[in-house]
J.: 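Sharing a structure with you now.
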Amino acid sequence: MVDSMAEQLQQDMVCEGLLECVHGLKQLDKDCFRALVESDEPLTIDEVAERVGRERSTAYRSIQRLLQSGFIQKEQINYDQGGYYHAYHPTDPSQIASDMQRMLNDWYAKMGQLIQEFEDKYEHADDAATVEG
């Protein structure tokens, strides 16, 4: 269940909470992201699944959410004898932070617009009630 903004402001939050708050990511997504961050080299889906103790298909879905949110990057690695596989690595933290800041700015502008619409709508409702009364 989504907490109200007032409730969120009263909670103690850590920076990893942004993964959930801004992008709606789950605990498993955070675990997969942490596994990629803690690795010295890109990891395959199988390696991520092993590190977080989950099935390959479950880790794959989490990796897809992380890709869509821009937290990780996919890299194609080619075999010398032909064929390839994909490995994943975290996106540069400054890029992630910049994207979140941009999203926050867009949200702030949208909320400001909605607040203005609220004020305009109900300010006029008060005027109409005064005229009718």
Side-chain angles (χ1 to χ4, degrees):
M1 184 172 161
V2 175
D3 294 336
S4 71
M5 186 186 317
E7 291 170 327
Q8 288 183 15
L9 290 172
Q10 292 174 2
Q11 294 176 358
D12 289 333
M13 289 187 73
V14 295
C15 64
E16 288 80 8
L18 291 171
L19 299 172
E20 182 179 354
C21 180
V22 175
H23 293 281
L25 298 178
K26 303 173 183 182
Q27 183 60 48
L28 175 60
D29 304 331
K30 292 188 265 186
D31 294 343
C32 290
F33 182 68
R34 187 175 304 107
L36 289 164
V37 168
E38 291 173 353
S39 176
D40 293 333
E41 56 190 38
L43 300 175
T44 65
I45 296 287
D46 291 330
E47 292 167 331
V48 172
E50 183 179 322
R51 290 181 187 212
V52 298
R54 301 300 281 271
E55 294 291 323
R56 183 185 198 285
S57 60
T58 303
Y60 177 81
R61 287 189 298 274
S62 182
I63 291 297
Q64 292 307 306
R65 284 189 294 270
L66 290 167
L67 273 170
Q68 288 178 330
S69 66
F71 281 90
I72 64 173
Q73 304 291 311
K74 179 167 63 171
E75 170 182 347
Q76 179 176 308
I77 300 173
N78 298 315
Y79 291 114
D80 292 337
Q81 63 274 33
Y84 65 90
Y85 65 96
H86 291 116
Y88 302 86
H89 60 89
T91 302
D92 180 0
S94 63
Q95 179 62 46
I96 294 171
S98 177
D99 291 345
M100 284 193 289
Q101 185 64 57
R102 188 171 19 267
M103 186 180 292
L104 179 61
N105 292 343
D106 292 347
W107 181 86
Y108 185 79
K110 179 67 174 176
M111 291 303 105
Q113 178 184 2
L114 291 172
I115 289 168
Q116 186 61 54
E117 288 176 18
F118 178 88
E119 183 179 13
D120 293 346
K121 180 177 182 178
Y122 290 103
E123 186 175 60
H124 291 69
D126 284 347
D127 295 343
T130 303
V131 170
E132 291 176 11

J.: Do the side-chain N and O atoms of Gln101 and Asp99 include a donor-acceptor pair separated by under 3.5 angstrom?
T.: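 No, because no side-chain N or O of Gln101 sits under 3.5 Å from a partner of the opposite role on Asp99.
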J.: Who passes side chain to side chain contact (heavy atoms under 4.5 Å, CB included) against Ser94, sequence neighbours left out?
T.: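 Expected list: Asp92.
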J.: Can you get from Tyr84 to Ile77 by hopping between Ile, Leu, Val, Met, Phe, Trp and Tyr side chains that sit under 4.5 Å apart?
T.: no
J.: Consider only side-chain heavy atoms of I, L, V, M, F, W and Y, link residues closer than 4.5 Å, and tell whether Val52 and Ile45 are in one cluster.
T.: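 In one cluster with Val52: Ile45, no.
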J.: Supply the atom-to-atom distance Leu114 CG to Lys121 NZ, rounded to the nearest 0.5 angstrom.
T.: 11.5 Å
J.: What I'd like to find out is whether the side chain of Tyr88 reaches to under 4.5 Å of the side chain of Leu67, using heavy atoms alone.
T.: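 A side-chain contact under 4.5 Å exists here.
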J.: Do Val48 and Tyr60 belong together in a cluster built from hydrophobic side chains that touch within less than 4.5 Å?
T.: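 Same hydrophobic cluster.
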J.: At what distance, to the nearest 0.5 angstrom, does CZ of Arg56 lie from CD1 of Ile63?
T.: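 Those atoms lie 10.5 Å apart.
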J.: With distance as the sole test, does Ser62 use its side chain to make a donor-acceptor pair with the main-chain N or O of Cys32 at under 3.5 Å?
T.: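 Not a single qualifying donor-acceptor pair exists.
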J.: Is there a side-chain contact between His86 and Thr44 (heavy atoms, below 4.5 Å)?
T.: no
J.: Heavy atoms, side chains only, cut-off 4.5 Å: are Ile96 and Met100 in contact?
T.: yes
J.: Enter the distance from Lys30:NZ to Leu66:CG here, rounded to the nearest 0.5 Å.
T.: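 These two atoms lie 11.5 Å from each other.
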J.: Would you call the rings of Phe71 and Phe33 parallel, tilted or perpendicular, where under 30° means parallel and over 60° means perpendicular?
T.: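 It falls in the perpendicular class, over 60°.
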J.: Can you tell me how far CD of Gln81 sits from CG of Asn78, rounded to the nearest 0.5 angstrom?
T.: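 Interatomic distance, Asn78 CG to Gln81 CD, rounded to 0.5 Å: 10.5 Å.
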J.: If we only count heavy atoms from C-beta on, is the Arg51 to Ser39 side-chain gap below 4.5 Å?
T.: yes
J.: If you count the non-hydrogen atoms of other residues, nucleotides and ligands that lie under 6.0 Å from CD in Glu55, is the total more than 12?
T.: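 No, the 6.0 Å shell around CD holds no more than 12 heavy atoms from other groups.
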J.: Determine whether more than 12 heavy atoms belonging to other residues, nucleotides or ligands lie under 6.0 Å from atom CD of Glu50.
T.: no
J.: Taking the side chain as everything from C-beta on, heavy atoms only, tell me whether His89 gets closer than 4.5 Å to Leu36.
T.: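 Side-chain contact under 4.5 Å: no.
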J.: Any donor-acceptor pair under 3.5 Å linking the side chain of Asp29 with the backbone of Lys26?
T.: yes
J.: Counting C-beta onward and ignoring hydrogens, is there a side-chain heavy-atom pair between Val37 and Arg34 closer than 4.5 Å?
T.: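 Side chain of Val37 against side chain of Arg34, heavy atoms only: no contact under 4.5 Å found.
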